[in-house]
There are 2 protein chains.
Amino acid sequence: MTATAALTSPRKRSGNGAVRRNDADEIGLDALVGHAGYAVRRFQIWIFQDFIRTLGDVDIRPTQYSVLTVVGANPGLSQMAVAKRLGIERARLVHLLDSLEQRRLVKRVKSKADRRSHALHLTAQGATALAKFKRLAAEHERHVEEKIGKENREQLLRILAGFT
Amino acid sequence: MTATAALTSPRKRSGNGAVRRNDADEIGLDALVGHAGYAVRRFQIWIFQDFIRTLGDVDIRPTQYSVLTVVGANPGLSQMAVAKRLGIERARLVHLLDSLEQRRLVKRVKSKADRRSHALHLTAQGATALAKFKRLAAEHERHVEEKIGKENREQLLRILAGFT
DNA sequence: AAAGATTGTTGTTGACGACAACAATTCGCG
DNA sequence: CGCGAATTGTTGTCGTCAACAACAATCTTT
């Protein structure tokens with residue numbers, strides 16, 4: 001089960017007689033191939049890069065998109081509620097909202113019911129912008145489908161549904 | 001397909017008559033549920049937290065583990081080769097190796113063949129330590145299995161095999 | 001009314017990815 | 001052969017993100 005790499009193709013050699021194995025595809029991952037976390041991590045990096053590239057023109061990153069989506073679907077939520085729902089630190093959400101509010105996509109309304117908290121709403125501008133973001137995000141999702149296959153993507157969503 | 005939350009359980013009310021919907025399970029994610037990236041991201045966070053907790057006693061993080069595993073399976077690799085294979089910036093790998101070398105788990109040997117590069121090896125101490133890390137990592141992997149199911153984990157590894 | 005909890009905010013720390021610059025060394029090509 | 005181009009390890013900066021800790025303002029509990 002161990003040295004997979006050492007057995008196959010003839011090795012390139014440099015000036016002297018030393019073995020060169022710099023080529024990535026000859027290097028075995030050993031135990032790493034059995035770890036879900038490694039594969040998931042690599043996939044997550046790929047998927048975020050594609051998302052960022054696909055929504056590059058509108059300059060929206062995955063976390064910003066998730067906040068806009070949730071606020072759009074649940075107007076009036078407090079920052080605490082959004083943070084809890086998305087698994088974001090409330091300290092971090094502060095900066096995210098600062099940015100989104102500066103761009104006039106979201107507004108913080110002082111809650112009458114609980115004067116500690118802010119009720120979050122999309123601006124009119126934010127609502128139309130979000131519609132565009134969703135179209136681009138759907139395009140990104142098609143990239144994912146092309147990469148891993150339609151059935152695999154659906155299977156993946158089913159397997160991981162519990163984490164949303 | 002929209003307001004899933006608004007229909008069910010009776011709402012808690014605060015002092016006045018305002019509706020409270022702070023409870024996370026009442027908040028809809030809207031378009032987010034169809035996005036693989038969101039699910040993958042949440043899962044990846046969960047899985048890394050479990051890895052870090054399970055290997056907490058030995059103070060090894062996922063990236064460190066991946067470096068040790070690859071060096072252990074391919075002694076003599078250059079830093080560049082390891083970085084490329086694992087998708088790590090070579091600048092970042094420098095710090096990772098600094099830490100691992102200080103802990104006497106890895107050593108950088110000046111390569112005779114190419115005097116620019118370092119050949120990476122586990123120390124004897126590093127080899128026995130890695131064996132322990134692998135046992136703990138296998139324990140972590142069982143946690144994953146318990147969380148999503150044996151078949152689902154295998155399915156996941158199959159779907160994402162291309163990213164390793 | 002007093003004690004305790006919650007909300008938004010600010011700040012710090014550390015892991016991480018992306019980039020840019022640099023010296024030492026090797027490689028490619030004329 | 002020799003010289004310019006490329007590679008390797010290193011240092012440094014910048015921005016993202018998770019995890020904490022502290023704080024003032026404001027509820028809630030008793």
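Below, read A as the first sequence line, B as the second, and so on, with proteins coming before strands; counting in each chain starts at 1. Values reported hereafter were calculated over all heavy atoms of this structure, with side chains retained and with hydrogens, waters and symmetry mates removed.
An OP1 or OP2 oxygen of dC17(D) is reached within less than 4.0 angstrom by a side-chain nitrogen or oxygen of Arg61(A). Residue Thr63(A) places at least one side-chain N or O closer than 4.0 Å to OP1 or OP2 of dC17(D). The side chain of Arg115(B) places an N or O atom within less than 4.0 Å of a non-bridging phosphate oxygen (OP1 or OP2) of dT26(C). Residue Gln79(B) places none of its side-chain N or O atoms closer than 4.0 Å to OP1 or OP2 of dT7(D). For dC19(C), the OP1/OP2 oxygens have no side-chain nitrogen or oxygen of Arg92(B) closer than 4.0 Å.
Using a 4.0 Å heavy-atom cutoff across all strands shown, Ile45(B) reaches sugar-phosphate atoms only and no base atom. Using a 4.0 Å heavy-atom cutoff across all strands shown, Gln49(A) reaches sugar-phosphate atoms only and no base atom. As judged by a 4.0 angstrom heavy-atom cut-off over every strand, Arg90(A) is placed among the base-contacting residues.
At a threshold of 4.5 Å between non-hydrogen side-chain atoms, the residues Thr123(A) and Glu101(A) do not count as touching. Side chains of Ile88(A) and Val67(A) form a contact here, defined as non-hydrogen atoms less than 4.5 Å apart. Between Leu77(A) and Val71(A), the closest side-chain pair of non-hydrogen atoms is not below 4.5 Å.
To the nearest angstrom, P of dA5(C) lies 15 Å from CE of Met80(A). The nearest whole Å value for the distance from the CD atom in Glu101(A) to the C1' atom in dT9(C) is 13 Å. One atom, NZ of Lys107(A), and another, P of dG8(C), lie 17 Å apart when rounded to the nearest Å. Straight-line distance from the CZ atom of Phe51(B) to the C1' atom of dA15(C): 14 Å, rounded to whole Å. Spacing between atom CG of Leu97(B) and atom P of dT8(D) amounts to 15 Å, rounded to whole angstrom units. Spacing between atom CG of Leu93(B) and atom P of dT8(D) amounts to 13 Å, rounded to whole angstrom units. Rounded to whole Å, atom P of dT25(C) lies 10 Å from atom CZ of Arg116(B). Distance CG (Leu55(B)) to P (dA15(C)): 15 Å, rounded to an integer number of Å.
Comparing Ser117(A) and His95(A) along DNA chain C, the residue whose closest nucleotide (by nearest heavy atom) sits nearer the 5' end is Ser117(A). Both Ala91(B) and Ala91(A) lie close to DNA chain D; mapped to their nearest nucleotides by heavy-atom distance, the more 5′-ward contact belongs to Ala91(B).
For the side-chain contact (heavy atoms from CB on, under 4.5 Å) test with Phe133(A), the passing option among Thr69(A), Val58(A), Thr128(A) is Val58(A); the others fail.
Candidate nucleotides dC20(D), dG9(D), dT11(D) were compared by shortest atom distance to the side chain of Glu89(A), and dC20(D) ranks first. Of all nucleotides listed (dG17(C), dT9(C), dA5(C)), dG17(C) comes nearest to the side chain of Arg41(A).
For Phe43(A) and Phe163(B), the gap between ring centers is short of 6.0 Å.
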